[in-house]
**Student:** 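Before we start, here is the structure in question, set down as structure tokens.
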Amino acid sequence: MTATDLFIALPIILLAVGALVTLLVGAITRTTNIGIVIALAATLGAAFWLMQSPPTLPAPTLGLSAGGLSRLFGVFFCLLAAGVLCLSVAYNRERGISGEEYPSVLLFTTFGMLALASATNLLTLFLGLEAMSFGFYILVAIDLQRGVSGETGLKYLLPGALSTAFLAFGIALLYTVSGTLSLHELMQFTLTSGTPDPIALAGWGCLLAGLAFKLSLAPAHLWTPDVYQGAPAPVVAFLSGGSKAATILFLLLLLPQAVDVSALRIPLCALSLFSMMIGNCAALRQNHVRRLMAYSSIAQMGYVVLALLSGKSGGYQAAAFYAIAYGTISLAAFGAITVIERNGGGETLDDYRGVGSRQPFAAGVLALSLFALAGIPPTAGFTGKFLIFSAAIRSGEITLAVTGILLTAVSVYYYLRVVVALYFNHADNTEDTQPRSIPTAPEYAVLIAAATTILILGLWPGKLIELLSRA
Amino acid sequence: MNTSLLLTSLVFLPLAGGFLLLFMGGRAQTAKITALAIALLEAALACSTWFCQGAIPSAGAPAGFFLYEDFPWIEQLGIRYILGMDGISLLLVILATVVTVIAMLVSWRSITEKITLHYLLLLAMESGIIGVFLSLDLFLFYLFWELMLIPMFFLIGIWGHGRNIYSAVKFFLYTLVGSLLMLLAIIALYLIHGAQSGMYSFSLAALLGTHFSPATGLWLYAAFLLAFAVKFPIVPLHTWLPDAHTDAPTAGSVILAGLLLKTGAYGLIRFGYPLFPEAARTLTPLLIGLAVTGIIYASWIAFAQKDMKRLVAYSSVGHMGFVALGIAVWTPVALSGALLQMLNHGLTTTALFALVGMLDERAHTRQIEDYGGLWGKIPLFSVFFVLFAMASAGLPGLNNFVGEFLVLTGSFKAAHLATILAFIGVILPLVYTVRLIQELIFQKERRTLPLSDLTLREMSVLAFLALCDIYIGMHPAPLLDILKQPVALLTGGVP
Amino acid sequence: MIVPLAHVLVLAVILFCLGLICTLVWRSNVIMMLIGIEIMLNAAMLVFVGGACHWGTADGQVFALMIMAMTSAEVSLALALVVYLHRRRNTVDTDEFRELQDQ
Amino acid sequence: MKLYLELIILLPLLGGISNALLGGRLFSRRSSEFVACAVIWGSCAAALTAAYSYRSPEVVEIATWLSDFDFKAPLTLYLDPLSLSLCLMITFVCGLIHLYAVGYMRDDHCYVRFFALLNLFVAAMLTLVLAENLPLLYLGWEGVGFCSYALIGFWYSDPKNATAGRKAFIVTRIGDIGLGIAIVWMFELFGTESITRLNQMGNLLPVGIVTALGLLMLLAAMGKSAQVPLMVWLPDAMAGPTPVSAQIHAATMVTAGVYLLMRMFPLIGSSTTVSAAIAITGALTAFYGATCAVAQRDLKRILAFSTISQIGYMMLGVGSGAITAATFHLLVHAFFKALLFLGAGCVITTLHHEQDIFRMGGLRHKLPGTYWPFLAGALCLAGLPLTGGFFSKDGILSAVWRTGGMLYGGLYLVGLMTAFITAVYTMRMLLVVFGGPSTPLSHQAVDGADLTENKDKRMVSGVGPLPRIMEWPLIPLALLGLGGGLLNLPEYLGGGLLHSFLAPLTGHEPTLPHATELLLQGSAAIVALAGTATAWLRYGGQRRSLRLSEAQQPARGLQAFLREGWRVDQLYDLLFVRPYVRLATLLWQRVDEGCIDDNLDRTSTQLGRFGNMLGGLGQGRVSLSLTGMAIAAALMIAWLAWMTA
């Protein structure tokens, strides 16, 4: 292992070590928040390292690199994890989720994401993805006091394992065709111009099916609402923002290297269309806020696929932008939901009535993120959608773009329902009975940061777009 | 006068003021007064631009724009921050500031909860609308276009009555469907222009010369038209409007009728026609047909209404039909008539909604059949009511007549039959107006209602509007002069 | 290589399908579903090993090893969950767990 | 001159505005009344000065109004003999009526509104008359319409009054469609709206277009001047206070249609079709009005129908190209009809707002101050020889005769017949109202109980003797009516003043040989006398009480048909009003809400249901989730396989 290797791997190592230290410290002392503090330090440290380090060549011996994209996403994952950690403090305290395993697993998950982000070959990529998924298997079911936690875990784990099988099989087939695991060469061999090898295509089919689960694309989306409903809110924020972004990154590391992705056009079209349609329509009458957000995320991923589909004409940048934007919005939305749900607040739209006046700050952030999801300017969601549809039109996917935009209009309806519940419907007499829960300082910090990012990405997205197009 | 950032401050002063209000959460009275002060300041600022007409615009300004600001914004996408003001924008911006002040004043007492938020939203709304009237970059335009929806949504939803949530959501969705397709069209336009010229830009001036195949142009124009037609609203895309108006609070109705509807017409004038002249010409018969249908259909329906606000709302649809007609035929006289009609409709309908709101505020009913004999009880109110109702019915000497008449004069050459039908449409407003006057103002009192005559605040608002109405009705020349140059540039007429 | 790659692939596909069917059909017992998934992963490993032999590189074999390690971790996690679920509801039938669904 | 013209219009306008703004607060009642009357007389003085200094037609531009690109409609006034003579008449008659109104309204506390509107009306009417371009004329045209609307419904608390006002406004506005279209069309054709310039350009156009334009203006005139078929509003308009009826619905506004046609005659007169149409409309209306008037028993309605009829004469005159005669009749009619209305107002006020002529009687002795002027007016109306009405009506009839031909010959006969009926109903009215013994007001139940509805509830009952100010304006009017003939004497008596005054405008109108003229006048005189005799035979002396007792019975047959104005109201109600109202509701509830809106709502509901179904796909089962993924994989692999194959 050379110095460069170390240089590149340092943030990953930092996270891994952090995870272990957290566990150890937890075993030694029972001080409540020490684990979270350590985890926070690790994530922020990793983020800082990634930010300040200059771009380097790929690591000679490890399957790692520190290119623009991976560093950008690395920073994003670390900051997201830090945000989720901050959100978790109060939530976990009130839900009785104690112990060092929470921050530790969270760090481990981040570790997986970071490994994925800096992977140069499929093995690292796969392992990173799996490491991340492992973390989530545990995280979604970590609130064992809750009756549905086990079910949530089951509903995430079983399809997750199946998707792993598909992924592994797909990668195996691709490897068989190309004889290499290096991303670039593998892509050159498997998605050539002209008619590609049937086995390679079968491999891509399996791979996409596996990834469809992670991205919760229809028809592999059925787990999403259940898991979103059952998991602790901060975990959902991480799941929705982080794991999806990581999966998008997985595809972003693969697809741009291909010679010609037109073979995958129809499957991707179908995935995109089904996801947009099912996600948006199913959310229309949903009364459970988290399930609603889950369907929304299904739909949003449909848009990302639309971007990936029109990759060469700016779609990859759009997808990357949207991944980050969506992650930020998720953090803000579920952060707000976390705050709202603390103190045993309800989860249905009826319970959200009058929250706008009881918890103005959280409700404001939630409303902002909902508008962002709906693609209303000037938010990150709008810029993202703008980039996606630009790419789609540029690559000639007019029909899909028009369908997508019309479904966006449909989607506005259910986002508005939440806003309506927050602000318009006055709760009957709940004003006095329910305590006013005031966000804690970390929550404030995270929500403000996320909301600001949403607005900045909406108003001045230039910097990020530039970074992405350079990467 | 240094006018370098005048437009920017015009756009963002209300928004900044709104943020100021955020810090006054509890002190409603202070917030109210601050908001009004900001709105008045804004109005003064807007009026000050009147005197900039002679100003020499900065380099690069398109012809006709005497104030112009152009800064890079998102350079990676060729998006610039371009604001410009010509005669058309000038009048509409002044209208916007005035109507906002009026909206604040008419809701001075009727809003009793979340007062700060109410005024904050009004200010935010003002920013959005002024932004729409000033932006010359399509991306920026779209941004403001969407931005102004949100405050209105909250205004209807929080302070509305009846089925306000339904109406608010309907309003939002209806307008959004149109504008999202317009977004696609904007993107397509941007890409087509970029591919042709190699320079990707959203600036209106740059995009003006883009060539399309007829089919492409038609589709893109159709998307633009849809977005604007919903806002307009052009029959049959109007059904959101009666609901939104009926259930909105007075300030909401005032802004909706006075300003929001104008943005649709403005968009069509500023962007729709100039960008796609050929497509626009192809669809002119359709637009004319819809406009005339709208005039007759909406005015006819207005006759059957039982709810005053609904009646005024339908009348709005009818009156905007004249604007649509004027734009559709695109002759200099008709277009300046249409622009003037926008202004007139803004003033008159604002007044009518304010009046209805005042009645509602006192008696808590908007059913026509509950009132009667108001002349005997509240004569001052009745005088204003008759005046504005007559203005709305197009009585010569009052403002609406001028606009309608110019539209009809200008459109006769282009569309004989449509104009003749529109003339028939002129009489229908009179029919429902005199019915409304009769049932409200005349006859005997039908129910004992707690009515009191206008307060000083209400009277000053109405008197101001009345003066505007009469002034424009009798001496529209200054306004027409301002419009002359931009209209000539748009239509190719000789000023 | 003694066995042609095609044969390996056919076998792997058969295995994969068997595993898949097992997972899909045996819904009354989580353990059986997990076993089905294991079979699918084994099919993948088989392809890796076959591919490695075909190309004469070690990458595939390393991958297969990694999958093994990963699988064991996964299974341990899954079993822990199963135990937990069984303790709560006294059943391992997955379709019994339907608390979370659209109303 | 500019100053005078400005003053003519501005004074009433200022009077109206200042009364509206300050009346009741700053002004005492007296000063309100004073201002209202003073401005009209001031205007009259200005008109007189203008007449004095008048040399030749003059165009005065006061300010810009509508001006946009090539479209120009400035505030420009045009003074020519026609507008000058009308101005003089309007200011003078209105001045008298204002004075009268001071007395009439002395117990009404809404006097401010009344006088303000009355003044505004005069301003609008003068604008109409003096306008040099059509949009400005339209401004006045609609302005008088609005004032008329507001004044008919002046006693608004009675729905009947308000409805009458509304009807008047809407029906006249229907006619205005024609004017509006004509205005924009002429702008398209000539590129100008100036009346003087338009009138010079008539011969530039094909006759067809001129005809169309003429018919459009005729439509406008039908509305404003209550000609068949748009005459239905005028009888109802009598719901307004009597001075309003006198000023607006007898002397001035209703003649605006005639004025418009006269004004534009150089343009539209070149089409014989238009002339014929105008003449036919006029004759028909004259006949219609007269026949209806015969059967009425409401004093004001008699006068209203008589007005319709007399304006019909004017139209007939215009249609025959006799602008002078029409103007002459217009002026004289204004004098005597205002007089009759004012007289009727005196009668009605004295009788506590009783309007049924069959409950009146013996007023000759009770109200001598009213009776004599009223008699003069009636003589004029009946067209008895040597009165102003005789000469003016004869002028029209001889013009019709002069035009000749089958059509005009027929129209002449109709005119003559109408003259006969006119004499009948005039004398009937006179005899029934003023003749016979003085009977106390009886309140038997009679047919037509609706005749008493115009009572103003707020008027104090038991009005004392008639205020002097209400009677003396009758005298100058009576003198003018009787001596009106002097204005335009026939050729054989030395030629007409008006004729030569209007000559620059009308060109040289051909005149008949003196013998024919005398013959025609003789026949007209005979007809008028015959009518008077007929009326005397039926209502004179003892037969009056017979008719009075007959009137107790409900009207039947022809009488009822005529009394209800040929039942045109019912017909229109059936044909237009009810379908309009029904369709409005239908469009709203069935089309707008039932179809457009409902379909949208239903679509969204369906979409929501569809979504629910999609959401329910998972059923919360893990196995289905796995199946979904397997399906995704299977489909994709199948597609990819199919694609490579």
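Letters A, B, ... mirror the listed sequences (proteins, then strands); counts begin at 1.
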**Student:** So for A:Val419, is it side chain, backbone, both, or neither that comes closer than 4.5 Å to the heavy atoms of chain B?
**Tutor:**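 Only the side chain of A:Val419 comes within 4.5 Å of chain B.
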
**Student:** Any side-chain heavy-atom pair from A:Phe321 and A:Tyr316 closer than 4.5 angstrom?
**Tutor:**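 In short, these two side chains do not touch, never coming nearer than 4.5 Å.
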
**Student:** For B:Phe139, is it the side chain, the backbone, both or neither that has a heavy atom under 4.5 Å from a heavy atom of chain A?
**Tutor:**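 Contact with chain A is through the side chain of B:Phe139 alone.
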
**Student:** Checking B:Ala195 against chain A: side chain, backbone, both or neither under 4.5 Å from a heavy atom?
**Tutor:** neither

**Student:** Relative to chain A, which segment of B:Tyr200 carries a heavy atom at a distance below 4.5 Å: side chain, backbone, both, or neither?
**Tutor:**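 Just the side chain, heavy atoms under 4.5 Å.
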
**Student:** Report yes if the side chains of B:His245 and B:Lys309 come closer than 4.5 Å at any heavy-atom pair, otherwise no.
**Tutor:**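 They are not in side-chain contact.
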
**Student:** Side chains of A:Ser296 and A:Tyr415 only: does a donor on one sit below 3.5 Å from an acceptor on the other?
**Tutor:**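 Present: a donor and an acceptor within the cut-off.
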
**Student:** Can you confirm whether the side chains of A:Ser313 and A:Ser310 place a donor and an acceptor under 3.5 Å from each other?
**Tutor:** no

**Student:** Of the backbone (N, CA, C, O) and the side chain (C-beta and beyond), which part of A:Phe382 lies under 4.5 Å from a heavy atom of chain B, both, or neither?
**Tutor:** side chain

**Student:** Who wins among B:Leu117, B:Leu143, B:Leu176 for the most heavy-atom pairs under 4.5 Å with chain A?
**Tutor:** B:Leu143

**Student:** For B:Ile150, is it the side chain, the backbone, both or neither that has a heavy atom under 4.5 Å from a heavy atom of chain A?
**Tutor:**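 Contact with chain A: side chain only.
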
**Student:** Are B:Phe276 and B:Phe212 close enough that their ring centers fall under 6.0 Å?
**Tutor:**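 Centroid distance B:Phe276-B:Phe212: below 6.0 Å, so yes.
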
**Student:** Do the two ring centres, one from B:Phe133 and one from B:Tyr266, sit under 6.0 Å apart?
**Tutor:** yes

**Student:** Do you know which of A:Ile465, A:Leu387, A:Val410 has the most heavy-atom pairs with chain B at a distance under 4.5 angstrom?
**Tutor:**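 The option with the most such pairs is A:Ile465.
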
**Student:** Test B:Tyr81 against every option in B:Thr8, B:Asp70, B:Asp137 by the side-chain hydrogen bond (donor to acceptor under 3.5 Å, both in side chains) rule and name the one that passes.
**Tutor:**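 The single option meeting the side-chain hydrogen bond (donor to acceptor under 3.5 Å, both in side chains) with B:Tyr81 is B:Thr8.
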
**Student:** Is the ring centre of B:Trp159 less than 6.0 Å from the ring centre of A:Phe424?
**Tutor:**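 Between B:Trp159 and A:Phe424, the centre distance exceeds or equals 6.0 Å.
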
**Student:** Contact part of B:Leu184 toward chain A, heavy-atom cut-off under 4.5 Å: side chain, backbone, both or neither?
**Tutor:** both

**Student:** Go through the atoms of A:Ile393 and report whether side chain, backbone, both or neither lie under 4.5 Å from a heavy atom of chain B.
**Tutor:** both

**Student:** Is it the side chain or the backbone of B:Leu180 that comes within 4.5 Å of chain A heavy atoms, both, or neither?
**Tutor:** both

